[in-house]
Each structure stands twice: as C-alpha cells, then as structure tokens.
Amino acid sequence: MAEAVLAIRDLCKSFGALRATENVSIDLVPGEIHALIGPNGAGKSTLIHQIAGTLKPDSGEIEFLGKPVSHIGAAERARMGLGRSFQVSSLAPEFSALRNVMLAVQSRQGTSFRFFKPVMRDAALVEPAMEALERAGLKDRARVPAAELSHGERRQLEIAIALALGSRAFLLDEPMAGMGPEGSKTLTSFLDGLRREAPILLVEHDMDAVFALADRISVLVYGRVIATGTVEEIRSDPEVRRAYLGGAE
Amino acid sequence: MKLLEIAGLETFYGASQALFGVDLDVAEGEVVALMGRNGMGKTTTIRSILAMTPARAGKVRLGGREIQAMRPHRIARLGIGLVPEGRRCFPNLTVAENLLAAARSGRWNLAEINRLFPRLEERRDQMARTLSGGEQQMLAIGRALMTNPRLLILDEATEGLAPVIRNDIWAVIRVLKAEGQSILIVDKTLSELLPSADRCVVLEKGATVWSGRPGELTPSLQDRYLGV
Amino acid sequence: MSRETAINVVLALLLLAVPFIAMQLGKPFYVTLATRMAILGLAAIGLNIALGLGGLVSFGHAAFFGIGGYAAGILASHAFSGQPLDFGLFAVPGSKLMPVIWAVAIVAGGLLAAAIGSISLRTSGVYFIMITLAFAQMTYYFAISWPAYGGEDGLSITIRNTFPGVNTLVPQNYFLICYALLVVGLVLFALLRDSRFGAALQASRQNEVRVASVGIAPFRIKLVAFVISGMITGLAGALYADLNRFVSPSMLSWHMSGEFIVLIILGGVGRLCGPLAGAMLFVMLEYILGGLTERWQFFLGLLLLGVVLFARGGLIGLLAGRARHG
Amino acid sequence: MQTALFIEQILNGLQLGVMLFLMAAGLTLIFGVMGLINLAHGSLYMVGAFACAAVAGATGSFWLGLAASLAAAAAAGALVEILVIRRLYERDHLDQVLATFALILIFSEGTRWLFGSFPLYLDIPPLLQGTVPIPGGSRYQLYRLAIISVGVAVAVGLFLLISRTRLGMRIRAGESDREMIGALGVDIRTLYTVVFALGAALAGLAGAMVGALQSVQVGMGEPVLILAFVVIVIGGIGSIKGALVGALLVGLTDTMGRILLPQLFGVFMDPSRAGLVGGAVASMLIYIVMAVILAVRPRGLFAAKG
Amino acid sequence: EPVKIGMITTLSGGGAGLGIDARDGFMLALKNAGDAASEIEVVTEDDGQKPELAVQIADKMIQSDQVDILTGIIWSNLAMAVVPSAVAQGKFYLSVNAGPSPLAGSQCNENYFNVAYQNDNFHEAMGQYANQDYQKTFILAPNYPAGTDALTGFKRFYKGELTGEVYTQLGQTDYAAEIAQIRASGADSVFMFLPGGMGIAFTKQYAQSGVDIPLMGPGFSFSQDVLGAIGDAALGVKNSGSWAKDLDNEANAKFVETFQAEYGRLPSVYAAQAYDTANLIVAAAGKASVKDADAFRAALKEADFDSVRGKFSFNTNNHPIQDIYVREVIKEGDVLTNKIVSTAFTDHKDAYAAECSLQ
Ligand SMILES: Nc1ncnc2c1ncn2[C@@H]1O[C@H](COP(=O)(O)OP(=O)(O)OP(=O)(O)O)[C@@H](O)[C@H]1O
Ligand SMILES: Nc1ncnc2c1ncn2[C@@H]1O[C@H](COP(=O)(O)OP(=O)(O)OP(=O)(O)O)[C@@H](O)[C@H]1O
Ligand SMILES: [Mg+2]
Ligand SMILES: [Mg+2]
C-alpha cells in the first residue's frame, strides 16, 4: 500500500462524560475513497472537525503529508492542502459563487495581504475559480449570490471550493445530503473521478453512493471504529448490519 | 372530507416567482407525497401553506376554512405540525424543552415521544445544538408530533439519517398512517416513499404537473419528473 | 457607470460645491459646516472599513479619533510653548506643521488600534461592541483626569496649524485640505474593498469558519483592518482638532463613537459613500433643526427613526438599491 | 479599615450592584433573549423615575408613584415595541442601534417637554426611612436594604421565569428561530411585546427606586445604561444569573476601588495626589475588569457555550 | 447704535435648566431696560452641553450672523473651547457663569470679561467661612479640573485639618461609599463640590444616611434650580454665593420681582449673573459704539451698571471684584430658598490676576 496522505492515530475526544472519539486510527492512501459510516451521533462529524482543525482532540496524533499537524490551526492545515466540505453548507452568503471560489484560489496563491489590485479584474484569480466551478457543474450560476443557490447547488459549491484549493486530500461530510436522485448520480460520478486527484475521506449516509464509490469503509459506532474493510466485507459484517445498516441496505 | 385544499397557489421571493400555480389536496387520514426535483418548489409550497412565505394568489383551506390570510401561528394552531427542511431545532433549548416549548395536549406527549425515539430520552437535558445531525432530525419530528397536529408535514425528514434510523422513521410514518394521521410528505427516498403514500403530487418549475396514485407513477414518469 | 457610482460622484461634487456656493451667498459659515462634513465623513470611512467590510462593530472609535485630536493638540501646544515633549529617555519638539501632525496622528491611531484590536478581536458580536467601548472609556477617563493637557477642560490650539504653501486660516483652504484627504480616504476604501485583502475581510464578516477552512486566518485579516481603520479615524481626529482649534475628552466619549456608527448606518453600511452621505445628512439636520427649534433633538430622533424604518440600507441603499458583490 | 466600615462598604457595593442588576435584568432579557440591542433602555429607566416623582409629588404617596412607574414604563415599552422594535427583529443589529438611539433623543427631549428642564423631587417613603443595626456595630440604611431584597427577588423570579416556565422556553426558542416557533403555533409577536414591556417595567422600577436616591432628571439613564451593558457583557449575554453576578461584581469592584485605591496610592504619594490618581484609576477600574474578563473569557462569565 | 449678541447656552439635555435660567435672566434685563436696549439684538442657540457644538455655533455666529459679542456659556469646558478663539478673532466675550482659571490667569484677554466669578471664588469663600467653626473638614469633588480647582480653592483659605480629600468619578450617582467614609473619618464638617445631578444625589443620600456632620458647599449645588429636587435634605446647609434673592438693594428687588412675574419661578444665581451681564452690555452700549473696540472695552471695564449683587467692579484681569456671602438654605412657606447669613469676603479678587498680562 502506498504511503498514507493522511494518518490518524489513537485520536480521543470527550464532551464531558460522552466519548465522541475513542482511540480512532484511520488512514487515507493516494487514489482511494475511504468511506466513514456509522449511526447518527457516532462521532463522524466530530472526527472530521478534529482532522480539519476546528476542534481540538484530547489526545492522539494526526499526520498529513507525513508531517504531524495536531498543533497547527485550521487555516494552516487548509493551506497545506486539506480541503473540506461541511455537513451543513458553510459559505459566504453575500458573495457570488465565483467569489466564494476565488477566496480559495487567493489563499492557495499565498497572501491575502494585497491591498490595491481589484480581484474581479485579476485573471489569476478569476480563471482558476471559473475552472473549478465548471468542473463542479456550477459555471452557469457563477454570478449568483450563495444565499440564493438551492440546497443542491450549495453542495456543489462546497466541492468547487475544495477543488480550487488544490487540495491534497478531501474531507467530505455528507455531500449527498439533500440531493435528489439526479444530483446524487452526477455527484457520484464526479467523486469517482476526483479520487485520482486526491484521496477522499467520505462521510455519507447514502449507502448507494458509498457502496458504489468506496475502496474501503470504516464503521464508527459510539466513537470507536468497529470495522474497516472493503465494501463486501462491511456489507456482510453482522455487527455492522445490526448497528447501522438494519434490514435494508 | 378534504383536510387540506390548495388551488392555484402563486408565491414570490421578493421579485422572483417560485410558485406558478400549485394544486394539491390531502384528505383526512391520507398520506400524500409531494415530489419533484431540486428547486421545483416543494419547500416553498409548504412555506406557503403555513404563510411563512405568504402566497400572492391562490387559496389554501384547512378543514374547509380559508387560512391564507392568517398568520403562521394561527394556522399552526388550527392543526398543522411542521418538520421543516434543515431541522431547525432550537439550539439553546434542551431536548426536553424543544419538545415542550410548543406542545399541545393530545395523544403525543413526552413519554410517547421517548418511546418512539429512545435516543432523545438519553439526551433529554442536552442542548439541541450539540446533538448530532440525526438526533436533531428525530427531535424535529418529535417536536412536530408534540403539537398533536391534524396534518403532519414532513419536509425531507429522513435526510442525513443512518439507514437503521431511517427505517425506524419510515416505520413511525407507517404507524402514524395506520392510526389515521394525515400526512403531507416530501422525501428523496422513493423506495420508501412510494409504498407509504396514498397519493403523489409532482411539481415542476413551481406548478403541479401530475398527480395520482403511487402505482401510476411509472418508471418513465419518474425519469421525466424526478430524474431517476 | 452604475447607479451607485453616479450617486457617489454627485455626492462628492455636491460637497465640493458647498463652499463656493456659500461664498456666493455670503454665508461663509457653510464652509465650516462642509469641512465638518468632510472630516466626520473621513472618520466614519475609517470605521466603515472595520464595521462595513469586516463586520467589526466598534463602539470605541472615538478613542482613535480622540488620540488623533490630542496628537494635534499636544504637538501644537508644545510648539506654541517651545517646550519639547519629554519622553523620559528622549525629548521631541512640538510641531505646528500639519503633515507632521497627521503622521503622528495616523501612527498613534494605528498603534492604539493594534493594542485594542489584539485583545478585542478575541471576542465577537456584542462582546466586541462592549470591549471596544470599554477601551474607549478608559482613554476617556484617563483624558478627563489627566491634568497635564487640560483634563476635562480640554486643550485649545489658539491658531490653526500650518500647511506648507497654504494659508490654513482661510476657511476655504482648510476645507480643501480636508476634502482632499476625504477623497484619499474614499479611494483607499474602494481599493481596499475590491482587493484580495478586502475579499478576505468581507468573507470573514460573512462566515469566519469558511475563511479559515480555505486557509486564511481571519484574526490577522481583521486585526490589520482594524489598524487601518484606526489610522484613518486618527487622521480625521487631527483634522477635527484643527477645525475646532480645540481638543477635549468629549472627542473620546461614547457619544462620539455612537455618532460614527449612526453616520454609517444613516448613509449605508459598507457602501463607499455611506459615511459621507451620513455625515452630510447628519450635520445638515443638526444644523437646520438646531436653528429652528430648541427641541431639535426630538425631531432629529423622529427623522432618524423614519430613516431606519423606511429606508433600508441607509441613504445610499435608498437611492442606489442593495449592494451586490460581484 | 475597621470591620464595621468594611462591612458597610461591602453592603454598599452589594447595593450598588443590585441597583445595576435591576437595570441590567431588563436589558439582558430583551437583549439576550430577544436578540435586540436596546439603547433606549436607559430612557425607560428615566420614564419610570419621572412617573414615580410626578405621581408621588401629586399624591404624596411614594407607593402610588412606584405603581405608576411600573405602569408608565411598561406602557412606554409596549408602545415602542409595537410601533418601532417589531419592525426591526429581522434586521441587522445596526438598524436596531440607530433606531433605539433615535428613541433616546425622542424620549429625552419629550420628557423635558413634558416636565420642564429642572430636576424633579422624589424621596424615600417614610416607611423605609431610617437605619437598622448591622454586624460590626454600625448602622445601615433601611431603604438600601430594601433595594437589595427587591433585587434578589427579581433575580429569583426572572431566573425561574426564563428557565423553568413554558413562557421562558418559548422566549428562548424565539430568539434563535422566530419563524420556526411561529410555525409551531406560538404567537411570538404578542409574546415579544409582553417581554419587552416586562423588561421596560423592570427598568422603570429601577428608575423609580433609584430616583429616591438621586436626581430625577433628563439624561439620568445614560450613565446607568453603559454600566448595565458592562454588567451583562461581563455576566454573559442573555443569562439572568450572569447579570446578577456581573452586577454584584461591578458594584463591589467600583465601591471597593473608590475606597481602597486612593489608600493604596497613599502609601507612596501625598494624600491629595493619591486621591487624584486613585480616583482616576478607580473610574477606569470596571472597564479594566471588563476588558480582562473578556480577554480571558470572550463570551462573558456565564454565556451559554456555543 | 445696533449691537448684535450671540448667546450660546445649554437649552437641551440634562444641563438645560441652567442655560434656560441664564437665557431668561438675560432677556429679562433687556426687557426691563426698555428703550435703552432697543437696538440690541440677541441670537440664541443651544450647545447641548457639547464643546464641539459650541465651537461650531460660535463660528457660525461670528462668520454668518456677524455678532459683536458672544455670551451665555455655562460650563467651563465649553468656555475653554469657545473663548480663546473667539477673542482671538476680535470678538467680545462676556461670561455669565463659567470662570476657568486659565482664562483668569495665563490666557486672560482684554476682550474677555467675566461678569460672574472666577471658578475658585465660591470655594475660597467656603474655606474662609469654615475657619470660624471647624477644625476637621472632609472635602470631596469630582475628578476633573473644576473639581481639583474647587478643592484647591477651598484649601487656599482653610486653615484647619483635612480628615479626607476624595475625588469622585464624574457623573457618579451613588455616594454611599463616600458617605460611609465621611462617617468614619471623625470630621466635624464636610465640604463638597458636586455640580448638577451629582450634588442633588449626594445631598439627598447624605441626609438619608443619618450622618449629622454639617455640610457645606458652593452656591451652585444649592441654587434655586436644584433646591426643589433636593428637597428638605438641603435645609440648613451653608453655601457660598455672590448673590441671594434677599440681597438688599433696589436692582435686586426689581430683578426678583420681575423674574417671578415673567416666568413664574424664583430666579437662580445663573439668572442673576446673566441679568447683570445684559445690564453691563446695555450700560456700555450707551457709552460707546461696539464697533469701536477700544472705547467699548473701556466702557465695559467701568462696569457702570446697577448690579443685583450691589457693588461690582472689574479687577485688572477683567474678573469681578465682589463680596461673597455665606447663605443658608431655608424654607419660605413650602418653597426652599437661600438666605444670607454672613459675609465671607468683601471685595474679593481671584488668585490668578497676577498671572494675567493685562495690567
Ligand atoms: N459540543 C458538544 N458538546 C456535547 N456533545 C457533543 C458536542 N458536539 C457533539 N456532541 C455529541 O457527540 C456525538 C457525536 O456527534 P457528531 O456530530 O460527530 O455525530 P455524527 O456521527 O456526525 O452524526 P450524524 O451522522 O448524525 O451527523 C453526538 O452524540 C453529539 O450529541
Ligand atoms: N429565500 C429564497 N430566496 C430566493 N429564492 C429562493 C429562496 N428559497 C428558495 N428559492 C428559490 O425558489 C425555488 C423553489 O425552491 P424550493 O426550496 O421550494 O425547492 P424544493 O423543491 O424544496 O427543492 P429541494 O429539493 O432542493 O429542497 C428555487 O428556484 C429556489 O432557488
Ligand atoms: Mg455529522
Ligand atoms: Mg426543499
């Protein structure tokens, strides 16, 4: 197996008496989609938050691109190439889709402390941003304020932003949520292609998508990884069926 | 007897029109599925029923009474319970307080909801904002049931739920249906929705384009209207 | 030219025209009013960078305004008395030269903003409002009870400071100086707003988490914005001191901070000419109503209320519609 | 300092704190719970004081005046809510700032219009005049003890109202999502009018009670308003408990600072200078305390975490 | 010869009472002067007690209204903002109330006349008076220049011991802590300078606290405009002033009577000082044209008018030489007012005249 892009070791996090993350070790290797599934409240989003740096773990190590990142902030991790989407879309609502993406481009290019050149006339910003929007299928909506986008379009925009960051790994928290069948199909094939650029840690409740996409699946229950394996292994794991999949799948 | 009747609903967001003539009705004890692709106006229809975004034209009747000129809380009190898109639990209230804040007496009470969603019982004194996504969804359903509505409206009530829970919720919906609860439901999971519904109404570009029994919604129609 | 740009140009020209019309009409005092509008407008432009672009509702900008004012007053008084300012280790002479005074006011405003900002920006929302107020109140009480420069009685600048090649005692000349600085402020604001920095700043206002998650640290962005904001307001303070030929703690009072906020809301938050429009309207109202009735504050209140209730987005919002972000 | 004096000063600090709390309670109720920045809260305090002084002056009864102050402030509050505030809930905080700033001007000048420019007279009711013995051998003013007890009663009452009653839940629910609580069948509009009137009545009560201690005059609300804001920010916005703790902290800090700082500076300065410097630092003290607290706990002492 | 006067005073906000009294007193004098004042025109504007606004109004009156004389300011800090630049522009300024020390000393000006008092005067008088009966005095004032000046003024003449010297916060409204200190200090008397609402609050709380150490203060804190608000708490308090309603002279009798007839209330010291100011202008205008600055200045300096304070003249620094009385708050019917009980100084001058370059 190739060298892991992202490696998490023995991560722990409690909220009071509640152990939201308990000795979690997971890794993400180039080219893969690693799905993280588990019941509601299992601690998936909490884990994503810790990896992204918006929540501080109680103990454990996070390594990204071979470097420990536990001590550095969210912004710096993002600049290193850790792209993420939020479970609930998180955008700059007054900015157009384009300007939302341009913000990521600007960050990737280095400094935000440039005071005089107008961004909208800066091809170095606009062009890569348009490209990312196009790849995410939002080119037509580039000038629409994020607040006026429909639910599905906002999810696409989150992806576009992560693309524009030139991310070396993606953390996607329920990107399919709220998408209709059509949107899910498009997004599934899009993610399928995206993994070649950078591996994806995918949190998702849409099992059709997970089974279609995942190279590996880890199952999180009550903060602990109870199983990791291929689609087939997980599908047939009786423990997983009981705790998560239930009768249907 | 029709519980809810909607005719020719037209609704605007500011200057932009979102609904161009929605017709829909729900009979007493009936489960009606409101369907359509992303952005076709399902949520807007629901908002207009409750006058959260009042319609500019058209009529809404609840139990024979015209309600489109009323304020939302009056309409809600006439017997509509809403599970809104995006959950919208009250973040600074505990689980129990969320359930109690708008409760009205009837079949559903705290004990019943706890039986339905044991997870909520475990979390009863936790602030809603610290709940996981799925927990919040359960809370939103419980909160709507606590108002003991004549008509329950569910907008994407199973979004973001684990399959087991989703199954539970569908089971709950079927129980409610069996008890004769009238329900208007929006959901993406057709495999569950179609068997549960008595009737389907399909919206496209803000207007009703098809309605009929679930069995009549053929794969070709599904492809045309829902993109399946 | 967009509608808003047109309105901005008209506003700026209108203000420029006031002194000339005033002299024609034989109402020299209107020059002073116009100067006051320009200075308050500039101070509010400073605040608008923090408040309008960055969403940092500072209720303590009077501190920067006042420190700029005191920079002018103190330097002038030392120049007047011939005694150098004693900093213990070294001493510097006072000055009556406006460019020197401005530079000192800008630096002082910036330093104070850096100090206040680095603590205040840890908080947000209403807490930010109050902690900035707290710092301003500290400077206010300090100035009141500090006897060296007059305390509550303030400090007068007997003769207005000088500018090379210009007779600043002529009101029109002083107006033009202030007007030129106002225009510089406007240009700076426009550039800043459209720049990368401005994009990051405005995004921080809308969604800080989002900004951090694309790799931009919002704290530093906001701090720099706050410092720039304090520098501009400090400069305006120095101009104001020279206009009144007087500085006093009332420049540091919370009423002053409140007035800046009012100017911005009145004109249009985050809009290029919002502060200017607000300042022009407010000074005019104050003057006209004040001349009509002793109960002018009552009617001023009613008018302001009318503006909030019926003109969303302030004057500029009313005239030019909602702002759009590319 | 002798024990008796020390105890007396502690009581003074408590009393000042409770006085601030009465003002802050209404403010935090409106401000935290309804999400509204009400700069005009000080005006409602003034309305209460004027109503009390006017009615007490006309009838000779402080108690009638007190009732009048509650009624007048509540009525003014309800009126303001219905005519102005109601249109601003969905707006930016800044619009609320401007509108309530305008209300200050209207209230101040309006009051002066009605009552003239000279301060009014209001005194402690005979029932509460005089002093009672306190531990340490000194005596303490009965009226001030009464203020302390009213403050404590209000604190307990409000705390129970907000945290234990369904009304309290609805108010808090409405704060985070007005539309949703309406869609669940709660008439949030009327509810908010009631809450606003309640907050106003508390301010009016504070004004009336404090009016007997100081001068009933136009503008009396402004300094208290700022202090009340300091209090609720220290305590954590929206928290009645925070307002109480914050108020007591501010009251004690201010009182003890005024007394002790000059003595402290007196150790190494002549008394006159120590008085000046100590007094100057004392006037900044609560702001320093607030800045320190917020620097360490950016959301106050008792803010709901989030 | 027409004379145009610009009156800048406080007519709105908390301090409006003082400004209104001053304006009313001033206008009454012009009315009483009849024909002698027929060519005097007054423009009045409200400064809202804000220095910036006062400066703006002064500029306007000088530039647009082209007034010859400015007057009316109540507060020292506003006077400091307006006076230096107004007199630098060659206008006359006549103070109806404020008398900050720089304007009496280092920054005095030939065109600045103070018809009221130098700020320290009333405090000095109280210090002088305290020597008669007291040895241990507790003194307090707000922490700002007028406050420190007040206590300095008091100490300048007081020879006894100080049991405490406290500087309170400007705008403070609760004095329980200071009163407790006073009680514990063992003082035999208290001198306080707390203007406006602060004084009302202090005096009420002092009376309510049951501390029975005698209280003294300058006249401002017990002048007619605030006595009503303090109530019986003020009874018996000794305070200093250059004027009282019962001063026995013809001008005063007329003033008090006509003021009451015209406005339905008793006049305060502010009204009296403004009344004198207006009469001074009327008298000077009768002697010289205001356009002839030197002549008019000389006419002002003569102070040839019937002062409600009895005798009145100007010192070298254009500040008053006058008697200062000790008054006591009494009740006449159910109205509180002041009665003169003794004279603290005769022909008192301020302490700053020596620093003034005018001779
Ligand atoms: N700040 C917090 N304080 C207390 N408990 C918290 C906090 N944040 C999360 N939790 C709890 O931690 C658990 C894990 O939450 P998390 O959001 O990670 O779940 P999840 O696996 O993402 O669930 P879902 O699939 O429903 O989104 C939940 O039970 C939640 O209630
Ligand atoms: N607040 C709003 N302002 C402006 N336009 C809006 C707003 N909310 C929705 N719209 C627009 O109204 C239309 C209908 O939206 P609606 O939310 O009703 O769709 P929906 O059928 O519920 O879609 P989804 O399945 O994505 O939830 C869409 O075009 C959407 O962009
Ligand atoms: Mg989650
Ligand atoms: Mg929807």
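Chain letters run A, B, ... following the sequence lines, proteins first, then strands; residues in each count from 1. The model shown is predicted, which means the values in this text are computed figures rather than measured ones.
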Does a sphere of radius 6.0 Å around NZ in Lys136(E) hold more than 12 heavy atoms from other residues, nucleotides or ligands, not counting ones at 6.0 Å or beyond?
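Count not over threshold, so no.
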Could you tell me whether Arg273(D) atom CZ has more than 12 heavy atoms of other residues or ligands within 6.0 Å of it?
no
Take Tyr167(E) and Ser272(D) through the side chain to side chain contact (heavy atoms under 4.5 Å, CB included) test and state the conclusion after the steps.
CA-CA 9 Å; Tyr167(E) 293 91; Ser272(D) 180; 4.0 Å; yes
Nearest 0.5 Å, please: how far is [atom2] in [Y] from [atom1] in [X]?
X         : Y         : atom1 : atom2 : answer
Gln214(D) : Phe202(E) : CD    : CZ    : 14.0 Å
Arg183(E) : Arg139(D) : CZ    : CZ    : 9.0 Å
Arg258(D) : Asn143(E) : CZ    : CG    : 12.5 Å
Thr173(E) : Met220(D) : OG1   : CE    : 8.0 Å
Asn12(D)  : Asp174(E) : CG    : CG    : 7.0 Å
Ile200(E) : Tyr121(D) : CD1   : OH    : 12.0 Å

Under 4.5 Å from a heavy atom of chain E, the part of Glu109(D) involved:
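Side chain only.
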Interface moiety of Gln15(D) toward chain E, non-hydrogen atoms closer than 4.5 Å:
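Side chain of Gln15(D) only, per the 4.5 Å heavy-atom cut-off to chain E.
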So which heavy atom on Ala282(D) is nearest to which on Gln169(E), and how close?
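In this case the closest contact between Ala282(D) and Gln169(E) is O-OE1, 4.5 Å.
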Nearest heavy-atom approach of Ser209(E) to Thr131(D) is O-CG2, 4.0 Å
Heavy atoms only, distances under 4.5 angstrom: which of Lys155(E), Met198(E), Gln181(E) has the most pairs with chain D? Name it, please.
Gln181(E)
Considering only heavy atoms and a distance below 4.5 Å, find which of Gly171(E), Gly231(E), Gly164(E), Ala233(E) pairs most often with chain D.
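Sorted descending by pairs with chain D, the first entry is Gly231(E).
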With side-chain contact (heavy atoms from CB on, under 4.5 Å) as the test, pick out the partner of Phe118(D) among Leu227(E), Val226(E), Asp21(E).
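The side-chain contact (heavy atoms from CB on, under 4.5 Å) with Phe118(D) is passed solely by Asp21(E) among Leu227(E), Val226(E), Asp21(E).
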Under 4.5 Å heavy-atom distance to chain D, tell me which part of [X] shows up: side chain, backbone, both or neither.
X         : result
Tyr144(E) : neither
Leu170(E) : neither
Ile230(E) : backbone
Thr203(E) : neither

Using a cut-off of under 4.5 Å on heavy-atom pairs, state which of [options] scores highest against chain E.
options                                    : value
Asp254(D), Thr255(D), Leu213(D)            : Leu213(D)
Gly130(D), Pro119(D), Ser108(D)            : Pro119(D)
Gly116(D), Pro262(D), Ser283(D), Ala280(D) : Ser283(D)

Distance-only, no hydrogens or angles: does the Lys204(E) side chain make a donor-acceptor pair with backbone N or O of Ile124(D) under 3.5 Å?
no
Spell out, as yes or no, whether a donor-acceptor pair under 3.5 Å connects the side chain of Gln208(E) to the backbone of Ala212(D).
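Checked: pair present.
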Would Ile20(E) and Arg112(D) satisfy side chain to side chain contact (heavy atoms under 4.5 Å, CB included), going step by step from the backbone distance to the final call?
CA-CA 12 Å; Ile20(E) 288 175; Arg112(D) 217 164 59 77; 3.7 Å; yes
Are the side chains of Arg144(D) and Gln205(E) in contact, using a 4.5 Å heavy-atom criterion?
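Result yes, sub-4.5 Å side-chain heavy-atom pair found.
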